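Structure first, then comments.
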There are 2 protein chains.
Amino acid sequence: MKMRDVARRAGVSPATVSRVLNGVPTVGEEHRRRVLRAIEELGYRPNRLASNLRRQKAEMIGVVVSDIENPHFTGMVRAVEDAAYRKGYRVLLCNTDETPQKQRSYLEVLAAERVLGVILSPSDPEDEEIGELLDLGIPVVAFDRTVADPRADAVVVDNVGGVRAATRRLVAAGHERIGFVGGSEGIETGSGRLAGYREAMLEAGLEPRVAHGGFRIEGGWEATRRLLSEGLTALVVGNNLMTIGALRALREMGLRVPRDLALVAVDDPFWAELVEPPLTTLAQPVREMAGCAMRMMLERISGERSEPRREVFEFELRVRGSCGTA
Amino acid sequence: MKMRDVARRAGVSPATVSRVLNGVPTVGEEHRRRVLRAIEELGYRPNRLASNLRRQKAEMIGVVVSDIENPHFTGMVRAVEDAAYRKGYRVLLCNTDETPQKQRSYLEVLAAERVLGVILSPSDPEDEEIGELLDLGIPVVAFDRTVADPRADAVVVDNVGGVRAATRRLVAAGHERIGFVGGSEGIETGSGRLAGYREAMLEAGLEPRVAHGGFRIEGGWEATRRLLSEGLTALVVGNNLMTIGALRALREMGLRVPRDLALVAVDDPFWAELVEPPLTTLAQPVREMAGCAMRMMLERISGERSEPRREVFEFELRVRGSCGTA
DNA sequence: CTGAAAGCGCTTACAG
DNA sequence: CTGAAAGCGCTTACAG
């Protein structure tokens, strides 16, 4: 069952069938009707593999995230999928597990499939495959973290400013021994958040106390235990997964929040208000960011824009019970 | 840059280049080397769009879930992606938002793209598009819920038995006024869980008290408020999202768990042990189920099997603090 | 073991 | 407004 069969039945050429299917306006009313009827009667479905080859592109957008189980990325994926679906694009979702090798392999697939564009939350910002995509004319929008190639667009959050503000708040509440559970210094969100914490501590004349948890639950647990052995009164945790680890550690050590320890967490997962006490968090405007990334992507796909753009969003400090100053 | 260019440079025919690329064993060592070198020197990358058309299939597996933000499905997606990646397949992820229309539209895309197979957690089990996929020779594995078409495989959990066991446990602990926050009766997991609850109540001579929350946070909140106005001592909640709503409702009403109300929740999201008290849950073996679905899919793709199979997994009751009998 | 040739099913520039 | 024809870049049955 192919276009030729439809054409024969409708008494037109395959070219006309193709035009009808693609909404080309210059088709006679009578022909259009006959084609539509033939399609209906035959139950014809166009073979997209053929049109992909002919057009040298697949009507899909690649979304590459480093951890699909992290609610932060899930929220973003959801928002992007929503926006893409409404525009008639489908989403090819790839999970890189924070490994450069898996990222590269997925980007190669996306290039080979000639997707319309890639929204990438990079595990490896230096990946040369990013340049290959851009060389092929496939736009890349970096999300959450920027990439090395200057031709890519970026949608990020002000990590330094957000964590600085959160730390300042703890300082203002009278805390002096404030710890920071950092992610990885090698990752931009990690170094930025750490820098924000450092700035706030140094400007207040306080000594920074840092341990790294690699953005993972286990790491957050370990880092928290290490930091608490020094005797802190407040803690800032660098992302939602490490916060889970931190909460476990606190429970094991019998510490009560906020009485024994004030807590502020980066990211605002839905469970932040379920725990006792509810967590004070730095929330990223994920939906707005996803919408922005999608708009940038569409501008690129439609060729409206060629100069790279970079959009920076602000965190919102959501004060709840855990910081003790609600 | 195409195969012909590589062939020319290596001094062979395009057919030989294709054979080298596809690992066809009958290529002379010398030719293989020359081809590999030419590929290297030219930085050649095969155009997958062309091979997809020629082979009439895309090396991808479609995964269709009804709610990507539900940790239950996220865990499954992750496990499937893992397994698929290791087998060399990529995953096209689709989110149907529990709407039959979006499901149909995505299944159409997957059919048009001639994916190797579809793992589907159906919003609409009657969707005729499922039959179309099977007609095209594209295997369908139903996950979490079965589908109407008997040719599809299925990987499900014993909803009736799981909830019956959980309810019995509450009965055995002496509870008589036990409520149930159900999902939707129209959805198999909803009706099965409800049936399990009913059975346990009736066999104990107790009166069932049910409200439906549509598997959504808001719905869980409303249903819980409605049920609690009757004065309960125990509650079974039908999935993890409604549990979030239930916990909110309990907090608002000033009820303490498990003193004022014993709680058992279906699904075992990672935050179940973060709340106070930790939740007693019915955990699905999501990773095992995903592994099973993937194995079924691979059997189909390789043509090893043609009779439909149905695999039923058991819930595991994880007793923690919230049911009051830990 | 290797190559020439056909063909996968569309789309589109071109001619009328 | 419409059709004949070329071509997207591979793969593979066939012949040698």
Side-chain angles (χ1 to χ4, degrees), chain A residues 1-39 42-60 108-116 136-138, chain B residues 1-39 42-60 108-116 136-138:
Chain A
M1 165 67 55
K2 52 175 91 166
M3 211 168 234
R4 178 193 306 257
D5 303 311
V6 176
R8 197 171 296 143
R9 177 151 194 141
V12 299
S13 74
T16 299
V17 176
S18 173
R19 292 191 182 103
V20 170
L21 246 19
N22 290 295
V24 175
T26 71
V27 177
E29 220 13 80
E30 169 60 10
H31 279 174
R32 158 166 283 117
R33 255 196 299 275
R34 293 220 304 264
V35 168
L36 258 17
R37 164 116 54 85
I39 288 174
L42 295 171
Y44 167 72
R45 303 167 162 241
N47 183 321
R48 201 190 272 246
L49 265 23
S51 77
N52 284 349
L53 172 60
R54 185 48 231 251
R55 293 181 155 140
Q56 281 304 304
K57 61 188 178 190
E59 299 282 302
M60 283 190 290
E108 278 169 12
V109 172
L110 295 174
E113 296 272 357
R114 302 286 193 278
V115 296
L116 294 176
L136 281 168
I138 298 175
Chain B
M1 164 67 54
K2 52 174 93 167
M3 211 167 236
R4 177 192 307 256
D5 303 311
V6 176
R8 198 171 294 142
R9 178 153 192 139
V12 298
S13 74
T16 297
V17 177
S18 173
R19 292 191 183 103
V20 170
L21 246 20
N22 290 295
V24 175
T26 71
V27 177
E29 221 12 81
E30 169 60 10
H31 279 175
R32 157 165 284 115
R33 256 196 299 277
R34 292 219 306 263
V35 168
L36 258 19
R37 163 116 52 87
I39 288 173
L42 295 172
Y44 167 71
R45 303 169 162 237
N47 182 322
R48 201 190 272 246
L49 265 22
S51 76
N52 284 350
L53 172 60
R54 184 49 230 250
R55 293 181 154 140
Q56 280 304 302
K57 60 187 178 192
E59 299 282 301
M60 284 191 291
E108 279 170 10
V109 172
L110 295 174
E113 296 273 357
R114 301 288 192 278
V115 295
L116 294 176
L136 281 168
I138 298 175

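All figures in this text were calculated on a predicted structure; none of them were measured in a lab. Numbered from 1 within each chain, the chains take letters A, B, ... in sequence-line order.
Near DNA chain D, meaning a heavy atom under 4.0 Å away, the residues from residues 14-32 of chain A are A/A15, A/T16, A/R19, A/T26, A/V27, A/G28, A/H31.
Of the listed residues (A/L21, A/D5, A/V35), just one forms a side chain to side chain contact (heavy atoms under 4.5 Å, CB included) with A/Y44, and that residue is A/L21.
Using a 3.5 Å distance cut-off with no hydrogens or angles, the side chains of A/N52 and A/E59 do not pair a donor with an acceptor.
The main-chain N or O of B/R19 is never found under 3.5 Å from a side-chain atom of B/N22 such that the two would form a donor-acceptor pair.
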Exercise for review: Tell me, with the steps shown, if B/N47 and A/Q56 meet side chain to side chain contact (heavy atoms under 4.5 Å, CB included).
Suggested key: CA-CA 9 Å; B/N47 182 322; A/Q56 281 304 304; 2.8 Å; yes
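Listed by chain and residue number, A/E30 satisfy the salt bridge (charged side-chain N to carboxylate O under 4.0 Å, His left out) test with A/R34 (two or more places apart in sequence, or in another chain). Scanning for salt bridge (charged side-chain N to carboxylate O under 4.0 Å, His left out) contacts around B/R114 gives an empty result, with sequence neighbours left out. For B/E108, the salt bridge (charged side-chain N to carboxylate O under 4.0 Å, His left out) partners are B/R104, not counting sequence neighbours.
Atom name C1', nucleotides D/dT12 and D/dG16: the rounded distance is 16 Å, in whole Å.
Using a 4.5 Å cut-off on side-chain heavy atoms (C-beta onward), B/V12 and B/V17 make contact. Side-chain contact between B/M60 and B/L116: absent, with no pair of heavy atoms (C-beta onward) separated by less than 4.5 Å.
Of all nucleotides in DNA chain D having an atom under 4.0 Å from a heavy atom of chain B, the first and last in 5' to 3' order are D/dG9 to D/dA13.
For A/R45, the CZ atom sits in a packed shell: over 12 heavy atoms of surrounding residues, nucleotides or ligands are nearer than 6.0 Å.
For DNA chain D, runs of at least 3 consecutive pairs of the Watson-Crick or G-U wobble type, with both hydrogen-bonding distances under 3.5 angstrom, map to C:1-3 with D:14-16, C:5-12 with D:5-12, C:14-16 with D:1-3.
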